[in-house]
Amino acid sequence: MAPKNAFSYVLAIVLASLYIVAADPDILVDYIVPPNVTNVTADYFTYTGLRDVIGGAQPTNFTLTMATMIEFPALNGQSVSYAFLQFPPLSVNTPHSHPRGSEILLLLSGRLDVFLLDTNLKFFTKTLEKGDMFLFPKGLMHYQYNSDAKNQANALSAFGSANFGRVSVPEAVFNTSVPDIILAKSFNTDVASIQKIKNGLGS
């Protein structure tokens, strides 16, 4: 296979995986109760999983703490969820997309560089200040980077889905069954370099 065709093959796989989108189904009841819950109280609608995270010790690596229907079952059918993002200095939330929900990010502290790529390959970038918000439309690739070498950045993201999903670009490309030789030709390098990247992702 010629390098040009190989690159087209890999690019098609990546873009398809990034832009497969879906939506939460509408429900015909007020809320969904799991079979194991027999007595619904206010506790069912309360989630306390972020208490120790917000205002707690700052991590040394980028940390994503989610509150989706998996962690908070009351969200099932409500088409909403949250995530708390912690960015130590010079950390990145790697390129990814959310196939089932748009994301709106609110920067709570620090500064944060955000990046968005649409399906026409138009690239958008902005440096957010505390209190700023940025929208990442459903299914589009994006990432965030704390370029500050000294200060932490924290953000809260809301999603238009109870289970928004996350497709990581590095994992979609390098942790899949795409043959190493195809990746090597696509990125104009050798198989050894591709294997080194894969080993780095797994560490």
Side-chain angles (χ1 to χ4, degrees), residues 1-24 59-66 68 70 81 83-105 107 111-128 134-149 153 155 157 159-161 163-203:
M1 182 180 291
K4 182 176 180 180
N5 291 336
F7 178 76
S8 299
Y9 169 73
V10 173
L11 184 62
I13 291 175
V14 173
L15 291 179
S17 68
L18 292 177
Y19 205 69
I20 295 173
V21 296
D24 291 6
T60 56
N61 297 307
F62 167 74
T63 301
L64 175 68
T65 304
M66 296 189 294
T68 70
I70 298 170
S81 56
F84 185 62
L85 301 86
Q86 297 170 283
F87 295 86
L90 303 179
S91 64
V92 62
N93 183 10
T94 56
H96 62 280
S97 67
H98 303 295
R100 291 185 292 275
S102 297
E103 173 184 1
I104 187 163
L105 180 147
L107 187 61
R111 301 178 69 197
L112 192 65
D113 300 325
V114 296
F115 306 84
L116 172 67
L117 183 69
D118 71 13
T119 55
N120 293 315
L121 301 183
K122 185 174 182 179
F123 192 61
F124 303 88
T125 181
K126 184 73 175 177
T127 297
L128 303 183
F134 194 88
L135 173 68
F136 302 102
K138 178 170 64 175
L140 297 186
M141 191 196 78
H142 59 279
Y143 60 100
Q144 303 99 21
Y145 175 56
N146 180 9
S147 58
D148 192 320
S157 283
F159 297 86
S161 170
N163 186 17
F164 50 84
R166 187 178 192 278
V167 179
S168 167
V169 173
E171 292 182 4
V173 175
F174 294 105
N175 284 354
T176 64
S177 58
V178 178
D180 289 350
I181 186 63
I182 299 298
L183 293 175
K185 290 181 178 295
S186 300
F187 291 99
N188 195 28
T189 186
D190 52 59
V191 169
S193 297
I194 294 297
Q195 292 174 342
K196 184 176 180 180
I197 293 173
K198 287 185 172 182
N199 291 336
L201 289 174
S203 61

side-chain hydrogen bond (donor to acceptor under 3.5 Å, both in side chains) with [X]: which residues, sequence neighbours excluded?
X: Thr94; result: none
X: Ser161; result: Asp24
X: Thr127; result: Asp113

Rounded to the nearest 0.5 Å, how far apart are [atom1] of [X] and [atom2] of [Y]?
X: Phe134; Y: Leu116; atom1: CZ; atom2: CG; value: 5.0 Å
X: Phe124; Y: Asp118; atom1: CZ; atom2: CG; value: 5.0 Å
X: Glu171; Y: His96; atom1: CD; atom2: NE2; value: 11.5 Å
X: Glu103; Y: Leu140; atom1: CD; atom2: CG; value: 11.5 Å
X: Asn163; Y: Ile70; atom1: CG; atom2: CD1; value: 4.5 Å

Please report the shortest heavy-atom distance between [X] and [Y], naming the atom on each side.
X: Pro95; Y: Pro170; value: O-CD, 3.5 Å
X: Asp190; Y: Ser193; value: OD1-N, 2.7 Å
X: Leu128; Y: Val114; value: CD1-CG1, 3.8 Å
X: His98; Y: Gly165; value: ND1-O, 2.7 Å
X: Ala153; Y: Asn146; value: N-ND2, 3.7 Å

**Request:** Go through the structure and list residues passing side-chain contact (heavy atoms from CB on, under 4.5 Å) with Ser102, not counting sequence neighbours.
**Result:**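 Testing Ser102 for side-chain contact (heavy atoms from CB on, under 4.5 Å), a comparison that skips the adjacent residues, returns Leu135, Lys138.
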**Request:** Under the side-chain contact (heavy atoms from CB on, under 4.5 Å) rule, collect the residues that match up with Lys196, sequence neighbours excluded.
**Result:**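 side-chain contact (heavy atoms from CB on, under 4.5 Å) check on Lys196 returns nothing, list empty.
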**Item:** Pair Phe187 and Phe174, ring centroids less than 6.0 Å apart
**Value:**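 Yes.
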Counting only pairs under 3.5 Å, give me each side-chain donor-acceptor contact of residues 83-93, with atom names and distances, residues two or more places apart or in other chains.
residue, atom, partner, partner atom, Å
Ser91, OG, Pro88, O, 2.7
Asn93, OD1, Arg166, NH2, 2.6
Asn93, ND2, Gln144, OE1, 2.7

**Message:** Using the ring pair (Phe, Tyr, Trp, His ring centres under 6.0 Å) criterion, which residues pair with Phe115? Sequence neighbours excluded.
**Reply:**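 If we apply the ring pair (Phe, Tyr, Trp, His ring centres under 6.0 Å) test to Phe115, skipping adjacent residues, the hits are Phe123, Tyr143.
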**Message:** Go through it in stages, so that I can follow the logic: the residues are Val178 and Val173, the test is side-chain contact (heavy atoms from CB on, under 4.5 Å), and I'd like the CA-CA distance, side-chain angles, deciding distance and then a yes or no.
**Reply:** CA-CA 7 Å; Val178 178; Val173 175; over 6 Å; no
**Item:** Set of residues satisfying salt bridge (Lys or Arg N to Asp or Glu O under 4.0 Å) with respect to Asp180, sequence neighbours excluded
**Value:**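 By the salt bridge (Lys or Arg N to Asp or Glu O under 4.0 Å) rule, Asp180 matches Lys198.
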